[in-house]
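Okay, so here's the structure we're looking at.
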Amino acid sequence: MTKFLLAVHVLAAIVAIGPVTVAASMFPPAARRALAAPEDPRAVETVRLLLRICRVYAVVGVAVPVFGFATAKNMGVLGDTWLIVSIVLTALAAVVLVALVLPRQTAIAEALEERQVTESTDSGGSDAAASTIAVTTATAPTLTSRATVRLAMFTGQFNLLWAAVTVLMIVRPGSTTGA
């Protein structure tokens, strides 16, 4: 049973965490491209797709610690230091993703969509001009190159936390389970 749980845990990590780390890393440059090319609808579509990937796989990623705990329990290593550190780092990575990465991605994507809608209605006279001013004012702090740089920093922290967990899972310092 331990081998099955370990296989599911590793597969869940590859299938769920891999896409989140890649899509989250691709998001800031894609958002910068969308900022630089407001006339390109595909740029905003790419940003929306990357956000959707991050959201969906973040939810699927819950399977990783679930199967990880089941595997650790079967292996009798729940109290090992390497595992406790891995659990703490995993929890920290989840907090970074949920509290820092996803909300910023959402805000940037929504601001890009608002800008796209505003620009498409901009040819309609004074009402359109008034809505442009309102949208620009509302999204100005969110829709900047600096916001994408900050998002890239948080995404890098998320990725580094998962890299550290991966190393701990492979090396298992102090483990007596035969690594």
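Atoms considered below: every heavy atom in the structure, side chains included; atoms not considered: hydrogens, waters and symmetry mates.
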message: Do Val60 and Val8 land in one hydrophobic cluster if side-chain heavy atoms of ILVMFWY residues count as linked below 4.5 Å?
response: no
Thr106 and Arg55: side chain donor to acceptor below 3.5 Å: yes
- line: Residues Val101 and Ala24: closest non-hydrogen pair is CG1-CB, 4.5 Å
query: Do you know the tightest heavy-atom contact between Thr46 and Ala30?
result: CG2-CB, 4.1 Å
task: Working to the nearest 0.5 Å, report the span between NZ of Lys73 and CG of Leu5.
output: 10.5 Å
message: Please determine whether residues Leu78 and Val85 belong to a single hydrophobic cluster, defined as Ile, Leu, Val, Met, Phe, Trp and Tyr linked transitively by side-chain heavy-atom distances below 4.5 Å.
response: yes
- prompt: Do Pro28 and Val149 have side chains that get closer than 4.5 Å, going by heavy atoms?
  reply: no
query: Between the side chains of Thr148 and Arg32, is a donor N or O closer than 3.5 angstrom to an acceptor N or O?
result: yes
field: Min side-chain heavy-atom separation Leu102-Cys54 under 4.5 Å
entry: yes
- prompt: Any chain of hydrophobic side-chain contacts (each under 4.5 Å) joining Met153 to Phe27?
  reply: yes
- prompt: When rounded to the nearest 0.5 angstrom, what is the spacing between CG in Asn74 and CG in Leu6?
  reply: 10.5 Å
query: Taking Leu89 as the fixed residue, which of Val165, Ile84, Thr166, Leu160 is the one that meets the side-chain contact (heavy atoms from CB on, under 4.5 Å) rule?
result: Val165
message: Determine whether Trp82 and Val171 satisfy the following criterion, side chain to side chain contact (heavy atoms under 4.5 Å, CB included), listing intermediate values before the conclusion.
response: CA-CA 9 Å; Trp82 66 270; Val171 175; over 6 Å; no
- line: Minimal heavy-atom distance between Thr71 and Thr2, with the atoms involved, is CG2-O, 4.4 Å
task: Return the minimal non-hydrogen interatomic distance between Ala93 and Phe158, and the atom names on each side.
output: O-CD1, 3.3 Å
task: Quick one: do Arg172 and Asp80 satisfy side chain to side chain contact (heavy atoms under 4.5 Å, CB included)? Show the steps, please.
output: CA-CA 9 Å; Arg172 300 186 303 186; Asp80 286 9; over 6 Å; no
- line: One should read off an interatomic distance between Glu45 CD and Glu113 CD, to the nearest 0.5 angstrom, of 10.0 Å
- prompt: Does Val22 belong to the same Ile/Leu/Val/Met/Phe/Trp/Tyr cluster as Leu151, with side-chain heavy atoms less than 4.5 Å apart forming each link?
  reply: yes
task: Measure the CD1-CE distance between Ile53 and Met26 for me, rounded to the nearest 0.5 Å.
output: 7.5 Å
task: Check Phe154 against Val96 and note the closest heavy-atom contact, atom names and distance.
output: O-CG1, 3.5 Å
- prompt: Just how far is it from atom CG of Leu161 to atom CG of Leu92, taken to the nearest 0.5 Å?
  reply: 5.0 Å
task: Would you check if the side chain of Asp40 reaches a backbone N or O of Arg42 as a donor-acceptor pair within less than 3.5 Å?
output: yes
field: Transitive ILVMFWY side-chain link Val88 to Ile17, under 4.5 Å
entry: no
- prompt: Can you find a pair of side-chain heavy atoms, one from Leu83 and one from Met169, that are under 4.5 Å apart?
  reply: yes
task: Take atom CZ of Phe67 as the centre, draw a 6.0 Å sphere, and report whether it contains more than 12 heavy atoms from other residues, nucleotides or ligands.
output: no
- prompt: About how many Å separate CH2 of Trp162 and OG1 of Thr21, when rounded to the nearest 0.5 Å?
  reply: 10.0 Å
task: Check Ala58 against Leu97 and note the closest heavy-atom contact, atom names and distance.
output: CB-CD2, 3.6 Å
